[in-house]
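This report concerns only the one structure given below.
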Amino acid sequence: MPRIPIGTFALVLLFTAACGGGAKTPSDNVLRIAMVSPGEAQIRVWKDIAGQYEKAHPGSKVELNFQKDTLYQAIGLPSLLNGRKAPDIYFEWAGDRLRTRVKEGFAADLGTQVTGGPLKGLIADSAYNRVKIDGKIVMVPFAADVTNVLWYNPKLLTDAGVQPPKTFDDLLAACDRLNAKGITPITSGNKDLWPAGNWLAHLVSRVVGEQSYHDTLSGKSGMNTPEWERAFGYIAQLRQHKCVNESANAANDNEGAQLFFKGKAAMHPIGSWLVSWAIDEAPGLAFDYVNLPGMPGGAGDQSSVIGVVTGYVVNAKSTKVKESAEFLALANSPANVAAFVKSGTVPLAKGTTPDKEVDQRTIRLDGLLADAKTVVSPPDTGYDLKRADAFYRALAAVLGGEKSPKDALAEAASKAG
């Protein structure tokens with residue numbers, strides 16, 4: 001889940017100011033939809049749904065705009081929303097980003113469309129709980145994703161006499177054994193800060209506890225405390241045991257994943273999307289996962305899961321709110337949900353049954369999230385981006401050996417305000 005580099009904000013403001021400041025979307029026959037690129041399999045489904053909609057609405061046209069994650073988050077979506085041809089429907093993450101869209105006036109209240117309109121009965125009421133802002137439904141939830149687990153190569157672990165780690169001490173011992181065999185224990189491509197940031201944020205939440213994690217990232221309390229310094233101390237231990245590739249902070253997420261795909265690293269902390277990614281790029285690779293190993297004496301739930309709900313927002317400035325709801329209802333119809341399942345995605349719509357062709361790891365991950373007692377929100381989607389950026393930079397500085405836990409946290413506290 002790529003994050004927004006804070007330095008791009010000025011560029012976004014300049015770009016959006018030039019685009020017209022968020023005028024209402026034009027009243028024409030085009031239904032505009034913007035989203036991050038979900039991969040070729042899903043794109044085919046979305047194009048088919050667009051064709052179905054156009055057939056059912058003669059004279060209408062659906063315009064699909066797919067963008068890379070980082071572009072979409074940082075510049076793409078803000079510029080589109082403020083442009084002259086703003087999307088009627090757009091993809092978003094639940095959490096602080098969604099709250100921001102509501103504050104900006106770009107998220108329509110979909111209550112009537114859900115309770116008595118075209119979306120009625122398609123998605124369980126409970127699925128809407130995480131997409132309500134001030135009691136209003138402002139997103140149609142589409143999927144829930146685990147954003148980080150510890151993927152591992154069974155052969156490399158076995159060859160080194162290592163079991164998938166259940167505790168942090170297990171993980172450090174595994175790093176020592178794998179290093180002795182000349183194998184990189186963990187690969188990460190953390191150039192954009194979110195890949196290792198997501199993993200290590202979950203680790204911090206396990207140590208300090210979910211309440212402290214939430215309060216700190218919400219700005220209610222500071223980062224430079226003894227409990228947070230203790231949590232960051234475990235990250236320093238990862239470096240001391242040479243657990244992570246030296247190039248982690250200089251490599252991007254794709255470069256980090258390639259070391260795992262090519263069998264040059266035994267473990268890779270990343271989200272559920274690795275399954276379809278690996279099937280495309282490393283079809284012969286055998287791999288599995290464990291949830292984050294338990295942290296010694298941690299104040300948090302040691303079985304917690306880090307994850308997000310994603311979905312589609314109807315632009316409050318659109319003249320096609322009803323049409324947008326009809327399109328989203330079509331996307332969540334039984335036939336199209338089945339098509340999404342075949343593409344490797346398991347939507348939140350009612351009656352979703354995993355296809356026999358869906359990878360079992362994906363099904364298990366969905367179960368992991370659904371059964372979790374505690375779900376931790378990633379910093380870059382669940383909280384203020386300035387604080388998330390300061391947090392991620394502090395994590396990277398300790399992981400890279402550039403700063404001590406105390407110094408990194410002091411700097412993060414200063415930057416976060």
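Along the sequence shown, residues are numbered consecutively beginning with 1. Just so it is clear, the values below take in all heavy atoms, side chains as well, and ignore hydrogens, waters and symmetry mates.
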Derivation of the side-chain hydrogen bond (donor to acceptor under 3.5 Å, both in side chains) call for N249 and N190: CA-CA 5 Å; N249 286 337; N190 197 44; 3.0 Å; yes

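- Judged by distance alone, the side chains of S212 and D215 never bring a donor and an acceptor atom under 3.5 Å apart.
- W228 and F391 have their aromatic ring centers within a separation under 6.0 angstrom.
- Ring centroids of W46 and F91 are separated by 6.0 Å or more, keeping the two rings apart.
- No donor-acceptor contact under 3.5 angstrom links the side chains of E326 and Q113, judged on distance only.
- Considering CG of N82 and NZ of K317, their distance stands at 8.0 Å, rounded to 0.5 Å.
- Between the side chains of H202 and S304, at least one donor-acceptor pair of N or O atoms lies under 3.5 Å.
- There is no side-chain donor-acceptor pair under 3.5 Å between T184 and N245.
- At a threshold of 4.0 Å, the pair R361-D359 counts as salt-bridged, since one of the basic side-chain nitrogens sits closer than that to a carboxylate oxygen.
- In this structure, N153 CG and L178 CG are separated by 10.0 Å, a value rounded to the nearest 0.5 Å.
- For CZ of R364, the number of neighbouring non-hydrogen atoms (other residues, nucleotides, ligands) closer than 6.0 Å is greater than 12.
- Of the inter-residue distances, the one linking F287 atom CZ with L156 atom CG reads 13.5 Å to the nearest 0.5 angstrom.
- Not one N or O on the side chain of D384 forms a donor-acceptor pair closer than 3.5 Å with the backbone of L217.
- For the pair N336 (side chain) and L330 (backbone), a donor-acceptor distance under 3.5 Å is present.
- Ring centers of F340 and F142: under 6.0 Å apart, within the cut-off.
- If you take NZ on K136 and CG on L110, they are separated by 11.5 Å, rounding to the nearest 0.5 Å.
- Figure legend: cation-pi geometry between R32 and Y90 absent, as NZ or CZ is not positioned both under 6.0 Å from the six-membered ring centre and within 45° of its axis.
- Ionic pairing of R44 and D48 is not present here: no N-O contact between side-chain nitrogen and carboxylate oxygen is shorter than 4.0 angstrom.
- Evaluated for a side chain to side chain contact (heavy atoms under 4.5 Å, CB included) with L193, the options N198, D380, D389 yield exactly one hit, D389.
- Between R101 and E104, at least one side-chain nitrogen of the basic residue sits less than 4.0 Å from a carboxylate oxygen of the acidic one, meeting the salt-bridge criterion.
- Donor-acceptor pairing under 3.5 Å is recorded for the side chains of Y383 and H214.
- Checked against the 6.0 Å centroid criterion, the rings of Y234 and F168 qualify as a close aromatic pair.
- Of the listed residues (L274, V149, L150), just one forms a side chain to side chain contact (heavy atoms under 4.5 Å, CB included) with Y289, and that residue is V149.
- Taking OG from S318 and CD1 from I89, the interatomic distance works out to 8.0 Å, rounded to the nearest 0.5 Å.
- One side chain, Q42 or T345, offers a donor N or O that lies under 3.5 Å from an acceptor on the other.
- Interatomic distance, CG of D88 versus CG of N315, reported as 7.0 Å (0.5 Å rounding).
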Please lay out, stage by stage, how D301 and S303 fare under the test side-chain hydrogen bond (donor to acceptor under 3.5 Å, both in side chains). CA-CA 5 Å; D301 178 356; S303 63; 2.8 Å; yes

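- The heavy-atom pair separating Y72 from A34 by the smallest distance is OH-O, 3.5 Å.
- With respect to R239 and E246, a salt bridge is recorded, a charged nitrogen being found less than 4.0 Å from a carboxylate O.
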Checking salt bridge (Lys or Arg N to Asp or Glu O under 4.0 Å) for the pair K406/E411: CA distance, chi angles, key distance, verdict? CA-CA 9 Å; K406 185 175 183 178; E411 184 171 330; over 6 Å; no

